[in-house]
Number of protein chains: 2
Amino acid sequence: MTDTPFNSWQSVQEEVLARIHSRQWKPGDLIPNEADLAQEFGCARATVNRALQNLADEGLLDRRRKAGTRVATHPVRKATMYIPVIRQEIADKGHEYGYELICSERVLPPTEVCNIMEFGRRARAQHIVCIHTADGRPYVIEDRWLNPKWVSVEEISIFNEISPNEWLVTHVPFTEGEIMFSAMSAGKTEAGLLSCKEGEALFVINRTTRNKQEAITSVRLIFAPGYRIETGI
Amino acid sequence: MTDTPFNSWQSVQEEVLARIHSRQWKPGDLIPNEADLAQEFGCARATVNRALQNLADEGLLDRRRKAGTRVATHPVRKATMYIPVIRQEIADKGHEYGYELICSERVLPPTEVCNIMEFGRRARAQHIVCIHTADGRPYVIEDRWLNPKWVSVEEISIFNEISPNEWLVTHVPFTEGEIMFSAMSAGKTEAGLLSCKEGEALFVINRTTRNKQEAITSVRLIFAPGYRIETGI
DNA sequence: TAGTGGTCTAGACCACTTG
DNA sequence: AAGTGGTCTAGACCACTAA
């Protein structure tokens, strides 16, 4: 039992972290079980559990029933990226937001999009291209395919005023999705829309959202040169 | 009180999710307090708390004392990217891993690096450039600066055999860090090392790790063309 | 100042998994 | 079979903050 009791799960977590960082508990080491730690720290087991579970969620501990808790050998670095609505992202940076609809058409999607969204080959879908600007400068191209089942024909006219990016968030719920980060060279089209040179390196986010397996929309966001996305570890 | 009791926090979470997805509880709505939900679901308040807290962590609910719990109006999409050790990432994809040290020198870092790592302007640091290959093809360039305080001169020779990326994980603990994703065009150097054309778009990860504020290392990972990083939402 | 979420406790039972 | 983490409960008190 230590002299100062650890009466909050945060303080327990800090103590455990300190022991890991000081290498008193090294990667791969088995640490004492919850009951023993609770006694040592002078708190309830649930409190220890909360702390250890949190550290395990963050990837610093490996826990298995019966096998016990070990310090992770390869602390998988989890980086959590927050992906805001584009209008907010621009406003948060202190710039004036602008939006322009470039094109809206109901056509047969390319097979690549059909595959991702699991569409039949003969169904038309809504294709929308628009651009978001910050202080008048192009910020990102939004190139989106919409499953018409989730957006009625009447609703589509709203995209003259509000970006699909923003409208969908509050009007169509989703249950799962995938997201992908990559890089591409600006072609003639992108260079024109983003007013940059052909061949410049652009940051790209692809995102598909679904409601109970069924695809709602698939979007490709092509950012102007220099864009980057940051977070803490 | 519903007929079927919800006796696990997961089932409570599912029920709450179902109500959000069915728009019974819409974005911005105030939902009942924990005590009421506990009674309705026939479980303890702690169980409801666990479920709601988890949903709040995922960004689907906004919770504030006294103000209550609301369905998030702009469900901030949190994407959690898992950043494995490069050797493992390549092995997981079923390729044969290779590693080559390109350069290791103790020199004055450029001011850009000094700023990020908060170095004095006159202190030398260890600069290491190496390359990771998959089935013999260049996969990623690792361009790293090391704070000499954390790695002794004797230890540096190990990087002939093991990449800093892998060695650091198990030998030097860190407490915080920043990570940044971006895109760049291949210059002459990158094109040479990655055997790609000059001007191709490359995906880049910058990462700095610290131990109690003090910078340990700052690395830039420049991936071969076509690299992308994916995750679920 | 009152209502809400945040957390702790002590005890209990269960689920998993290793030896 | 037994040890470990995972979770539930009921009750309690606390911390924050909107009204």
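Source: prediction; values computed, not measured. Chain A is the first sequence line, chain B the second, and so forth, proteins listed ahead of strands; every chain is numbered from 1.
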Return the orientation label for the Phe159(B) and Trp167(B) ring planes: parallel under 30°, perpendicular over 60°, tilted otherwise.
perpendicular
Is the distance from OP1 or OP2 of dT4(C) to the nearest side-chain N or O of Arg64(B) less than 4.0 Å?
no
Asn160(B) side chain to Ser157(B) backbone, donor-acceptor under 3.5 Å
yes
Starting from C1' on dT4(D), measure out to CZ on Arg70(A) and report it in whole angstrom.
12 Å
May I ask you to decide whether Arg210(B) forms a salt bridge with Glu176(B), counting only side-chain N to carboxylate O separations under 4.0 Å?
no
Is there a side-chain polar atom (N or O) of Asn49(A) under 4.0 Å from OP1 or OP2 of dG6(D)?
yes
Here the distance between atom P of dC8(D) and atom CD of Gln13(B), to the nearest Å, is 11 Å
Measure CZ/Phe41(A) against P/dT9(C) and give the value in whole Å, please.
13 Å
Between CG of Leu52(A) and C1' of dG5(D) the distance, given in whole Å, is 10 Å
If only side-chain N and O atoms of Thr47(B) are considered, is one of them under 4.0 Å from the OP1 or OP2 phosphate oxygen of dT7(D)?
no
Please report the distance, rounded to the nearest Å, between NZ in Lys66(B) and P in dT17(D).
13 Å
Taking only residues two or more places apart in sequence or in another chain, which ones pass side-chain hydrogen bond (donor to acceptor under 3.5 Å, both in side chains) with Asp143(A)?
His127(A)
Are Gln53(B) and dT7(C) close enough that a side-chain N or O sits under 4.0 Å from OP1 or OP2?
yes
Please tell me if Thr69(A) has a side-chain N or O lying less than 4.0 Å from either OP1 or OP2 of dG5(D).
yes
Please report, rounded to the nearest Å, how far the P atom of dT9(C) is from the CD atom of Gln39(A).
14 Å
State whether Arg144(B) and Glu142(B) are salt-bridged, where the test is any N-O pair (Lys NZ or Arg NE/NH1/NH2 against Asp/Glu carboxylate O) under 4.0 Å.
yes
Taking only nitrogen or oxygen atoms into account, show me every contact under 3.5 Å that the protein makes with nucleotides 11-14 of chain C, one pair per line with its distance.
residue : atom : partner  : partner atom : Å
dA12(C) : N6   : Arg45(A) : NH2          : 3.0

CD of Gln24(A): more than 12 outside heavy atoms within 6.0 angstrom?
yes
Separation of dC16(D) atom C1' from Asp62(B) atom CG, nearest Å, is 16 Å
Parallel, tilted or perpendicular: which fits the ring planes of Phe181(A) and Phe203(A), with parallel below 30° and perpendicular above 60°?
tilted
Got Phe174(A) and Ile233(B) here, is their nearest side-chain heavy-atom distance under 4.5 Å?
yes
What integer distance in Å separates Arg50(A):CZ from dT7(C):C1'?
8 Å
Does Leu61(A) reach the side chain of Trp25(A), with side-chain heavy atoms less than 4.5 Å apart?
no
Residue-level proximity of residues 27-37 of chain B to DNA chain D when a heavy atom falls under 4.0 Å
none
Gln10(B) side chain near dT7(D) phosphate (N/O to OP1/OP2, under 4.0 Å)
yes
